[in-house]
Asker: 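Below you'll find the structure I mean.
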Amino acid sequence: MSKYVALNNDTALSYVQELGQFFPANAELSCYEFGDGNLNLVFRIQDTENRSVILKQALPYARCVGESWPLTLDRARIEASVLKKHGDVCPEHTAQVLHHNSELAVTILEDLGDMAILRGELNQGNTFKYLGTHVATYLARTSFFYSDFYLSAAEKKALVQEFTNPELCSITEDLFFDDPYRVNERNNYPQALEDQVSLLRDNQALLINIAQLKSKFFSSPQTLLHGDVHTGSVFVSEKDTKFIDPEFGFFGPIGFDLGSFIGNLLLNYCAQNGRVTEAPKRRDLHSYLLNTISICLQTFEQQWLTLARTHTNDLSFQAPGYAEQFLQAVLQDTMGYCGTELIRRTIGLAHVTDIDEIEDDVKRLAVQKQTLLLGEQLILNAKSCHSTDDFYQLIISFVH
Ligand SMILES: Nc1ncnc2c1ncn2[C@@H]1O[C@H](COP(=O)(O)OP(=O)(O)O)[C@@H](O)[C@H]1O
Ligand SMILES: CSC[C@H]1O[C@H](OP(=O)(O)O)[C@H](O)[C@@H]1O
């Protein structure tokens, strides 16, 4: 099978069987589709001995909208290639690619089904001790080893070309930086939020900051980003953390991935106000989330600076103090992008279940007001943040 055709349970099973790589020849296989993301098909193929693989296939359109939103199949190549590149420098936190077919837009991945998607776990009030350290390790290693600090100029330029991802970047550009700040039919928020949304649209200082963040997203190819680091892209268990789904990957500003992740922890923090009624349980979850953010920021900074001190190949970039200065700017970007994630997930097209599952309208609205305010303040105050502690203190001052 080589020309593109969308697979179903039967053809996905045959495809894996014909590869003959993952199961014994006489294995009795079954297959079902269970994707719950916005864009793609995800099948599990398993035998009777508990062996299994995941087959992910891109459709020529966005699954959540349908054929009226055509979308490049090339995103499957990008996703598999980012996973391989990130796996080369951080195998412990990257889902393993077992096979890829660009024509069919099919990728076969290790089955992480014995772990769980982080968003659902946080929504249920479950916590993971190593989450902050693991995410920081993944983001520090992947962002450092694909940056100009480490790669030669020629290697970097070739990779920037290989990972040019205009259609998926355009979705992010629209959803993060345009839609929430103007009237657009894709936006999705309750009428009761209209006054606060109008104030955002009229806030000139905010709009300038959004323009600067968008400009950096367009033209700051600092590293090979994952491009969609939300809590639905992270598998967790008590001991392990693994990233999936980097189809939005491209060379962009380092702060985008870290900011998106922290934004998702803050969305969950605010959502817990509407989800958990017992105050002590809510307090524990809040302090876990804040502690995880603090660990993540500090570990990212420590690991990045250690890598810069020990592995910087570029001669100019070895200048004493340059890595620290570079990282301070990354931190300010992180805070800005974190704010844009909070805002776009509250009033834009793609929401989060953390908030949408809150049944009580009054409680949900209070959470939405908090995420909008927090997002706005993070963006407005990003440039006055000079250290990870400044960033952390600012978060505390708006969530307490
Ligand atoms: N490697 C994997 N192992 C187990 N389940 C997976 C794996 N990859 C994806 N899934 C499941 O499929 C769902 C959708 O996958 P995702 O990559 O997020 O799709 P999309 O690109 O459509 O957002 C995930 O939430 C998860 O439940
Ligand atoms: C129509 S794409 C909207 C949204 O969905 C993506 O997330 P995922 O595919 O992981 O569910 C990404 O965050 C996009 O912004």
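First listed ligand is number 1; within each ligand, the first listed atom is number 1. Scope of the values below: all heavy atoms of this structure, side chains included, with no hydrogens, waters or symmetry mates.
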Asker: If we set the cut-off at 4.0 Å for heavy atoms, which region of Lys56 has an atom near ligand 1: side chain, backbone, both, or neither?
Answerer: side chain
Asker: Please identify which atoms of ligand 1 are closer than 4.0 Å to at least one heavy atom of Asn38.
Answerer: 22 (O), 23 (O)
Asker: Could you please spell out the steps behind the ring pair (Phe, Tyr, Trp, His ring centres under 6.0 Å) verdict for Phe326 and Phe149?
Answerer: CA-CA 11 Å; Phe326 179 87; Phe149 284 76; 4.9 Å; yes
Asker: With a cut-off of 4.0 Å, which atoms of ligand 2 are near a heavy atom of His230?
Answerer: 7 (O), 8 (P), 10 (O)
Asker: For His351 and ligand 2, answer yes if some heavy atom of the residue is under 4.0 Å from a ligand atom, otherwise no.
Answerer: no
Asker: Can the ring centroids of Phe144 and Trp304 be said to lie less than 6.0 angstrom from one another?
Answerer: yes
Asker: Just wondering, are more than 12 heavy atoms of other shown residues or ligands nearer than 6.0 Å to CG in Asn50?
Answerer: no
Asker: Taking only non-hydrogen atoms of Phe176, do any sit less than 4.0 angstrom from ligand 2?
Answerer: no
Asker: Could you tell me which atoms of ligand 2, counted from 1 in the order shown, lie closer than 4.0 angstrom to a heavy atom of Arg345?
Answerer: 13 (O)
Asker: Is there a donor in the side chain of Arg75 and an acceptor in the side chain of Asn40, or the other way round, less than 3.5 Å apart?
Answerer: yes
Asker: What protein heavy atom is closest to atom 15 (O) of ligand 2, reported as residue, atom name and distance in Å?
Answerer: Arg344 NH1, 2.7 Å
Asker: Is the distance between the ring centroids of Phe34 and Phe43 under 6.0 Å?
Answerer: no
Asker: Which one holds for Arg63 and ligand 2: side chain close, backbone close, both close, or neither close, with close meaning a heavy atom under 4.0 Å?
Answerer: neither
Asker: Testing Asp333, Asp178, Asp179 one by one against Lys214 for a salt bridge (Lys or Arg N to Asp or Glu O under 4.0 Å), which residue passes?
Answerer: Asp178
Asker: Which part of Arg119 is near ligand 2, with near meaning a heavy atom under 4.0 Å away: side chain, backbone, both or neither?
Answerer: neither
Asker: Report, in ascending order of atom number, the atoms of ligand 1 lying under 4.0 Å from any heavy atom of Glu110.
Answerer: 1 (N), 2 (C), 3 (N)
Asker: Heavy-atom distances under 4.0 Å are what count here, so tell me which part of Thr172 touches ligand 2: side chain, backbone, both or neither.
Answerer: neither
Asker: Does the pair Asn268 and Asp354 meet the rule for a side-chain hydrogen bond (donor to acceptor under 3.5 Å, both in side chains), with working shown?
Answerer: CA-CA 6 Å; Asn268 190 264; Asp354 316 38; 3.0 Å; yes
Asker: Between Phe22 and Arg51, is there a cation-pi geometry (under 6.0 Å to ring centre, at most 45° from the normal)?
Answerer: no
Asker: Does ligand 1 have a heavy atom under 4.0 Å from the side chain of Asp111, from its backbone, from both, or from neither?
Answerer: both
Asker: Going by atom types alone, do Ser294 and Gln298 pair a side-chain donor with an acceptor below 3.5 Å?
Answerer: yes
Asker: To check your reading of the model: name the closest protein heavy atom to atom 6 (C) of ligand 2, its residue, and the distance in Å.
Answerer: Asp228 OD2, 3.5 Å
Asker: Just need the protein heavy atom nearest to atom 5 (O) of ligand 2, so name the residue and atom and give the distance.
Answerer: Asn38 ND2, 2.7 Å
Asker: Is it the side chain, the backbone, both or neither of Leu112 that has a heavy atom closer than 4.0 Å to ligand 1?
Answerer: both
Asker: Mark up the atoms of ligand 2 that fall under 4.0 Å of a heavy atom belonging to Trp69, in ascending order.
Answerer: 1 (C)
Asker: Should Gly35 be counted as touching ligand 1, given the test is an N or O pair under 3.5 Å?
Answerer: no
Asker: Is the shortest N/O to N/O distance between Asn40 and ligand 1 below 3.5 Å?
Answerer: yes
